[in-house]
Amino acid sequence: MARHLITSAIPYINGIKHLGNLVGSQLPADLFARFQRARGNEVMFVCATDEHGTPAELAAAKAGKPVDVFCAEMHQVQANIARRFGLSFDHFGRSSSPQNHRLTQHFAGKLAENGLIAEVSERQVYSNADGRFLPDRYIEGTCPNCGYDKARGDQCENCTKQLDPTDLIEPRSAISGSTDLEVRETKHLYLRQSALRQELSEWIDSKTDWPILTTSIAKKWLNDGEGLQDRGITRDLDWGVPVKKGDQPWPGMEGKVFYVWFDAPIEYIAATAEWADANGKPADEWRRWWRLDEGAGDVRYTQFMGKDNVPFHTLSFPATIIGSGEPWKLVDYIKSFNYLTYDGGQFSTSQGRGVFQDQALSILPADYWRWWLLSHAPEGSDSEFTWENFQQSVNKDLADVLGNFVSRITKFCRSKFGETIPEGGSYGPEEQALVQALTTRIRAYEGFMEAMEVRKAANELRAIWVLGNEYLQSAAPWSTFKTDPEKAAMQVRLGLNLIRLYAVLSQPFIPFAADSMLAAMRTDDRAWPDDVSAALDTLPAGHAFDVPEVLFAKITDEQRDEWQERFKGARA
RNA sequence: GGGCCUGUAGCUCAAUGGUCAGAGCAGGGCGCUCAUAACGCCUUGGUUGGGGGUUCGAGUCCCUCCGGGCCUACCA
């Protein structure tokens with residue numbers, strides 16, 4: 001039995017995410033996790049909220065709440081949304097957990113022991129009015145290059161010139177607008193990634209099967225300019241993991257915390273530890289997923305993320321792990337995604353453009369979104385959400401092809417044989433051909449799922465559904481019933497068994513509908529169809545079932561128009 | 001500016017350098033009547049963004065131009 005460790009990029013805490021965040025990491029990760037479990041493999045699927053950093057502090061302040069309270073609340077909100085989308089995390093943790101504090105401090109201590117931490121004294125902008133150091137992009141002013149008056153300290157959005165905050169004319173805090181700024185000396189820890197460049201480079205070069213999107217971004221950072229640069233891993237903030245060297249104080253670093261991007265990936269490990277603690281399991285239960293010397297030798301580790309996360313997962317986090325000198329599990333495969341765009345533009349949290357996760361769930365069941373998003377996953381390039389496409393795809397694939405199949409066969413059986421699987425008859429050539437066609441397509445489906453070819457897997461699954469309609473059309477039990485009721489009984493029995501088969505195969509994509517289908521067939525047999533012929537004998541003659549409610553109601557033109565209007569911008 | 005990705009049917013996408021560039025949707029025709037006016041079969045539709053080159057052979061490799069997107073290290 002294979003063992004799969006699966007992590008999804010951890011969503012930031014500062015608000016409810018839009019659909020792009022869902023399709024870029026959590027949803028495909030869930031698809032893969034569900035598939036591997038369905039195949040009988042052992043799976044550890046973890047995710048968490050990413051809770052540290054300046055934006056979290058500012059969002060909390062805006063909400064008028066202490067940051068820890070704000071994060072605890074938002075964690076619950078996000079956990080609830082994730083549950084309602086059917087995201088099957090074994091644990092949904094928090095990067096602010098005590099487990100992550102300990103592990104982050106542990107890694108920093110090991111890196112320091114190995115000479116991979118440098119203490120650097122630098123000058124940063126401090127805002128007296130805000131009482132905090134300001135990250136470059138939180139400083140605004142007039143661009144010295146083009147005169148644009150809302151240039152940010154890292155770059156001018158108008159002329160795209162790279163800037164240093166001290167270049168700005170009349171700089172002010174982007175938070176309060178205060179011009180009472182000063183440059184202060186402050187000391188920070190840097191992770192000496194440059195010292196690990198060769199090792200990282202060879203490691204990346206060995207990953208020849210990774211998506212181009214993943215490796216090209218990594219190589220750019222490794223080779224651009226002077227090569228991989230060291231990265232500051234501490235910040236002058238109140239909220240975060242206090243800087244410590246293992247469990248010891250770090251002289252000179254009092255009052256500082258680790259940089260969010262240092263502790264966030266470590267949360268993958270910590271979330272697994274949180275899982276063990278939450279379930280009353282001893283530490284070796286989680287360590288067997290992460291420590292090569294404690295049982296993780298046969299684990300395959302797959303990460304899912306949007307392309308913006310790639311540098312941290314291909315370089316910074318591996319540098320942390322390799323640099324620790326300890327046998328922690330490195331990622332085996334990184335599946336990265338492009339962006340989902342909304343009606344020709346970007347989803348925008350600030351402008352309320354596009355559909356947010358809570359809104360999506362408030363208008364349609366999760367499976368509608370799961371199906372559309374996964375079958376249109378932005379694998380090769382960015383993909384676009386439009387209401388027309390969404391309505392068309394969902395109505396056709398889910399309502400017409402799958403839902404109507406379930407409806408027509410169950411209702412036909414009820415009217416001719418009652419709500420019990422009918423007896424009699426045996427397979428002819430048509431049924432043999434169907435089994436053969438199903439087998440071919442199911443094997444292809446497995447291959448695509450194994451390879452995380454999400455769109456291709458969706459296409460194949462849809463083609464499997466279509467086979468059911470093709471069979472019914474040519475078998476025509478409504479005709480055979482008139483001349484040969486036994487044959488019609490066999491055809492109907494096969495059709496009803498297809499519903500269970502489809503539920504099992506479709507469950508990674510549309511888990512809620514799959515559950516409804518199994519419930520209607522009054523079975524909980526989720527055995528994977530390694531033998532298709534046997535799988536179609538699962539429900540025997542005499543087995544009672546229910547005609548289910550409409551599985552997928554269609555999206556009407558009126559609904560589509562209303563939603564299009566409602567979500568075009570300026571969130572209520 | 002630099003780097004990377006991308007451009008294939010009206011739309012969304014496929015195609016280890018090798019038959020006539022294929023699917024789904026949309027459009028058109030026919031069939032069926034079990035079904036959510038659903039399903040099935042057939043079918044229209046292409047100078048693969050433009051131009052040049054390498055090759056026996058290019059959607060695929062090279063050069064160049066045009067369009068779209070992303071990244072560029074203190075947002076995460």
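The chains referred to below are lettered A, B, ... by the order of the sequence lines, with proteins before strands, and numbering in each begins at 1.
Side-chain N/O atoms of A:Asp68 and A:Trp239 include no donor and acceptor closer than 3.5 Å. The closest side-chain donor-acceptor pair between A:Asp484 and A:Thr480, if any, does not fall under 3.5 angstrom. No side-chain N or O of A:Gln303 forms a donor-acceptor pair with one of A:Asn309 less than 3.5 Å apart. A:Arg231 and A:Gln193 share no donor-acceptor pair across their side chains, judged by distance under 3.5 Å alone.
Within 6.0 Å of CZ in A:Arg123 there are 12 or fewer heavy atoms belonging to other residues, nucleotides or ligands. The 12-atom threshold is exceeded at NZ of A:Lys207, counting heavy atoms of other residues, nucleotides or ligands nearer than 6.0 Å.
Between the P atom of B:A23 and the CD atom of A:Gln392 lies a distance of 19 Å, rounded to the nearest Å. Between A:Glu384 atom CD and B:U12 atom P there is a gap of 7 Å when expressed in whole angstrom units. Following rounding to the nearest Å, A:Trp371 (CH2) and B:C25 (P) show an atom-to-atom distance of 12 Å. One can place CD of A:Glu379 at 13 Å from P of B:U6, the figure rounded to the nearest angstrom. In this structure, A:Asn395 atom CG and B:G24 atom C1' are separated by 15 Å, rounded to whole Å. Atoms CG (A:Leu467) and P (B:G40) sit 10 Å apart, rounded to a whole Å. In this entry the distance linking CG of A:Asn338 with P of B:C13 reads 11 Å, nearest Å. Rounded to an integer number of Å, the gap from CG of A:Leu374 to P of B:C13 is 15 Å.
A:Val466 comes within contact range of the sugar-phosphate backbone alone, with a heavy-atom separation under 4.0 Å but no base atom that close. Looking at heavy-atom distances under 4.0 Å, A:Ser474 makes no contact with the nucleic acid at all.
Look at the C1' atom in both B:U43 and B:A23: the space between them is 15 Å, to the nearest Å. Taking atom C1' on both B:C63 and B:G10, the two are 33 Å apart, rounded to the nearest angstrom. When the C1' atom is compared between B:A14 and B:U8, the two are found 10 Å apart, to the nearest whole Å. A distance of about 32 Å separates the P atoms of B:C66 and B:C56, rounded to the whole Å. Nucleotides B:C42 and B:A37 place their P atoms 25 Å apart, quoted to the nearest Å. Distance check on atom C1': B:U60 versus B:G22 gives 15 Å, rounded to whole Å. If you take atom C1' in B:A9 and the same atom in B:G59, they sit 14 Å apart, rounded to whole Å. Distance check on atom P: B:C5 versus B:C62 gives 10 Å, rounded to whole Å.
Just one of A:Phe356, A:Phe390, A:Phe509 meets the ring pair (Phe, Tyr, Trp, His ring centres under 6.0 Å) condition when paired with A:Trp369; it is A:Phe390.
When the salt bridge (charged side-chain N to carboxylate O under 4.0 Å, His left out) test is applied to A:Glu182, the partners found at least two apart in sequence or on another chain are A:Arg184.
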Nucleic acid footprint by protein, nucleotides 67-76 of chain B - heavy-atom cut-off 4.0 Å, B for base, S for sugar-phosphate alone: --SSSSBBBB
Sequence-aligned protein contact record of nucleotides 27-37 of chain B, with B where the base is within under 4.0 Å of a protein heavy atom and S where only the sugar-phosphate is: ----BSSBBB-
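Residues A:Asn389 and A:Ser393 each lie close to RNA chain B; by heavy-atom proximity, the contact nearer the 5' end of the strand is made by A:Asn389.
Across all strands shown, B:G40 forms a Watson-Crick or G-U wobble pair, both distances under 3.5 Å, with B:C30. Here B:G10 sits opposite B:C25 as a Watson-Crick or G-U wobble pair (both hydrogen-bonding atom distances under 3.5 Å). Pairing for B:U19 is absent, judged as Watson-Crick or G-U wobble with the two contacts each under 3.5 Å. Using the Watson-Crick or G-U wobble rule with both distances under 3.5 Å, B:G1 pairs with B:U72.
Side-chain atoms of A:His75 do not come within 3.5 Å of backbone N or O of A:Cys71 as any donor-acceptor pair. Listed for the A:Glu384 side chain is no donor-acceptor partner under 3.5 Å among the backbone atoms of A:Thr341.
For the pair A:Lys335 and A:Phe337, the cation-pi criterion (under 6.0 Å, within 45° of the ring axis) is fulfilled.
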